Structures are given as structure tokens and as C-alpha cells.
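To keep things clear, I will list the structure first and then write my remarks on it.
Nothing here was measured: the structure is a model prediction, and the numbers come from that model. In what follows, every chain begins at residue 1, and chains take the letters A, B, ... in the order their sequences are listed. Excluded from the calculations below are hydrogen atoms, water molecules and symmetry mates; all remaining heavy atoms, backbone and side chain alike, are included.
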2 protein chains.
Amino acid sequence: MAYSVKTSSTNFQNKTHLKEFCSIFKALDFIGGRWKVNILAYLFEHDSLRFKELKRLLEGISERMLSAKLKELESDGLITKETFPEVPPRVEYKLTEFGRTLRPVLESLNEWGKATNSSK
Amino acid sequence: MAYSVKTSSTNFQNKTHLKEFCSIFKALDFIGGRWKVNILAYLFEHDSLRFKELKRLLEGISERMLSAKLKELESDGLITKETFPEVPPRVEYKLTEFGRTLRPVLESLNEWGKATNSSK
DNA sequence: CTGTATCCGAGCGGATACTG
DNA sequence: CAGTATCCGCTCGGATACAG
């Protein structure tokens, strides 16, 4: 993880400015993997979801994965987790303002993906 | 690989339109992994590079990986491979028109990545 | 309901040696 | 120069059982 772009200093002609693409790997870490995009997509549409609701929506995800990915998204500042001291416990996940800024980016990725219509 | 978005039909209130985000996974397959973005970035700047040149630019990549990723990018239609029947052999890789359409998308991802400035 | 703990198989990607 | 062949460790993610 944490792919890095070497700040190369090869003596290659026409030295590139690859360093400027560094942040792509940060972005890909935020949305990479099997589930994060889906979780975010559901949160774009629901603005508040509980653990169980997400589990149901994301058909097939294990609790282990859901828990892990929510934790990552939270520590990345994309979502917030609010725990209500009830019995049984209730926990709600929402996008942060910052999380919402990801939406147009994902949509442009999605638009580009549509254009591929490859046989894959 | 080939993450899929189940065309769910849960009876969840306010059914989402997640299906519309399907193509993101196609896009992520095209640019995912440790090296593809870097290869593309160099091709954005050089418009023609040989195997050895790419290997030198992508410091640390093994020939195995470079070969594999170039093959994938070619079969995805993002780059072309031209072999010159010389001794020693010469092979040049270029972006296709379609490959170039990826540039603005990567740039928007990159811009978003910059905004994170997390401690990761 | 909302998680954590453990185990495990599959695949990505690195290292090295070899070939046309 | 431009790859292919082999081997191998590591991480991702699935399955299942258990806990607060």
C-alpha cells in the first residue's frame, strides 16, 4: 500500500514532471478496494445509514470487511460515525463535507468508465 | 478482479440508483495497481517511449511487471505497441486517442488527492 | 445490533535467471 | 534490447465463530 512516486532524477532527456501526479495514489488509496466506492455511493444517496442497513445494501459483504472499511473511511475523514447509547446499540454513518467533495470525482471516473464499453 | 455491483433489489426504503456507478469499477481496473498510472503519466509527457526507457523512468519496476502492465494497457486499448524489425529489437509505446481521454480524469483525481493532505 | 478474532485461499507484485 | 519463466512472500478479502 501507499504507492509512492519516486522523486526520480534520472538523466533522461525531457525530464518529466511526474511528481505532479503523486496525489493520485493518495486518492486511489481512499477509494481503492472492493467496497469503498459502493459504501460511498450509498451514502451519497441516503445521508445516514446504520451498520445493518449498509450490510444489507452491500449484498455479500462480510461484517469483518464492512467494519474495516468503515473504519478506514472514518479515519480518512470521509465519513463520520455516531454511536447512540441505546440497547440494542445504534450507530449511524454519514458523509462529511469533505466526503461529499468526492462525488463529482467519482462521477467523472464513472463517466469515463462508461466510455470504455470493452468486452471485459 | 472485476468488481461487480449487484443489481440489488432489496426492499430498502428509497431504493438507490447504485447501478449508475457500475462503470467506476471498469475505470478502476484500467488504472488500478502499482504501476499503470505512472506508465500513463510518462506517456502523457513523452508521446513515445521504448521498453528500456520506461524501465529507467519507472525506477524499481521489474521487467516482468513492466511487460505485464504494458500488455494490459495495450489490450485495454489505452496504448499501442509498435515493433521495429531491427537488431537489436526496438519497440515503441504510445498512447491511443482513447488513452489520452484518460488524462483529464486522472488530473481531477490528482487534484482531489492534493486536497486531502492527510498524514498518510 | 454492532462489531472483533481467527483462519485461510487467491492473486498481486518482487527477485532472479534465462531467451530470441 | 525486449522480453519470458519460476519461485515466493505478502496483503486483500471471504467464512465462520464469538463478544459487548
Side-chain angles (χ1 to χ4, degrees), chain A residues 1-6 10 12 25 28-39 42-43 46 48-76 79-94 120, chain B residues 1-6 10 12 25 28-39 42-43 46 48-76 79-94 120:
Chain A
M1 199 98 324
Y3 303 140
S4 63
V5 176
K6 299 282 184 55
T10 65
F12 191 78
F25 296 106
L28 291 179
D29 273 353
F30 278 63
I31 64 173
R34 173 73 182 77
W35 295 107
K36 283 176 170 179
V37 165
N38 286 4
I39 294 174
Y42 281 120
L43 254 12
H46 288 282
S48 174
L49 285 170
R50 306 178 56 169
F51 189 88
K52 187 67 177 297
E53 290 171 336
L54 278 164
K55 181 171 159 60
R56 185 161 36 213
L57 288 168
L58 301 159
E59 301 174 60
I61 196 172
S62 67
E63 287 162 0
R64 182 177 108 76
M65 266 301 114
L66 180 53
S67 178
K69 294 311 158 187
L70 287 170
K71 202 168 284 182
E72 288 177 27
L73 290 170
E74 188 196 2
S75 96
D76 284 346
I79 66 175
T80 58
K81 167 184 184 171
E82 188 176 7
T83 306
F84 298 87
E86 306 173 357
V87 176
R90 180 163 59 100
V91 179
E92 296 200 339
Y93 295 93
K94 301 174 189 255
K120 304 187 92 167
Chain B
M1 199 100 322
Y3 305 139
S4 64
V5 176
K6 300 281 185 57
T10 65
F12 192 78
F25 296 106
L28 290 180
D29 273 353
F30 278 65
I31 64 173
R34 172 75 183 76
W35 294 108
K36 282 176 171 179
V37 166
N38 285 4
I39 295 174
Y42 280 120
L43 253 13
H46 288 282
S48 174
L49 285 169
R50 307 178 56 167
F51 188 87
K52 187 67 177 297
E53 291 170 336
L54 278 164
K55 180 169 160 59
R56 184 161 37 211
L57 288 168
L58 300 161
E59 302 174 59
I61 195 173
S62 68
E63 286 162 359
R64 182 176 108 75
M65 267 300 116
L66 181 53
S67 179
K69 295 309 157 185
L70 287 171
K71 204 168 285 184
E72 288 177 27
L73 290 170
E74 189 196 1
S75 96
D76 284 346
I79 66 174
T80 57
K81 167 181 181 171
E82 188 175 8
T83 306
F84 298 86
E86 306 172 355
V87 176
R90 180 162 60 102
V91 178
E92 296 200 338
Y93 295 93
K94 301 177 190 253
K120 304 188 91 167

By the 4.0 Å heavy-atom rule, please label B:F84 as base, sugar-phosphate, or nothing.
nothing
At what distance, to the nearest 0.5 angstrom, does CG of A:L54 lie from CG of A:L70?
6.0 Å
Report the distance from atom OH of B:Y93 to atom P of D:dA2, rounded to the nearest whole Å.
8 Å
For C:dG14, does either OP1 or OP2 sit under 4.0 Å from a side-chain N or O belonging to B:K69?
no
Nearest-nucleotide wise, let me know which of A:E63 and B:F51 is further upstream toward the 5' end of DNA chain D.
B:F51
Rounded to the nearest 0.5 Å, how far does CZ of A:F51 lie from CG of A:L66?
4.0 Å
May I have the distance from A:L73 (atom CG) to C:dG3 (atom C1'), rounded to whole angstrom?
16 Å
B:K55 has an atom NZ; how far is it from atom C1' of C:dG13, in whole Å?
14 Å
Of D:dG14, C:dT2, C:dC1, the nucleotide closest to the side chain of A:R34 is D:dG14
Value for NZ (A:K36) from CZ (A:F30), rounded to nearest 0.5 Å, stands at 8.0 Å
Could you state the CG-C1' distance from B:L49 to D:dC1, rounded to the nearest angstrom?
15 Å
Given atom CG of B:N38 and atom P of C:dG13, what is their separation to the nearest angstrom?
12 Å
Is A:K69 salt-bridged to A:E72, cutoff N-O under 4.0 Å?
yes
So, does A:K81 get its side chain near the phosphate of C:dG3, meaning an N or O under 4.0 Å from OP1 or OP2?
yes
Short side-chain N/O contact from B:K52 to OP1 or OP2 of D:dA2, under 4.0 Å
no
Need to verify one output field. Residue with the more 5' nearest nucleotide on DNA chain C, A:R50 or B:P89?
A:R50
Please give, in whole Å, the distance from D:dG14 C1' to A:E59 CD?
16 Å
Could you give the CD1-to-P distance, from B:I61 to D:dA2, as a whole number of Å?
14 Å
How close or far is atom P of D:dA2 from atom CG of B:L54, stated in whole angstroms?
10 Å
Contact class for B:R64 (heavy atom, under 4.0 Å): base, sugar-phosphate, or nothing?
base
For D:dT4, does OP1 or OP2 lie under 4.0 Å from any side-chain N or O of B:K71?
yes
I need the A:D76 CG to A:K71 NZ distance, nearest 0.5 Å.
13.5 Å
Is there a side-chain polar atom (N or O) of A:S62 under 4.0 Å from OP1 or OP2 of D:dA15?
no
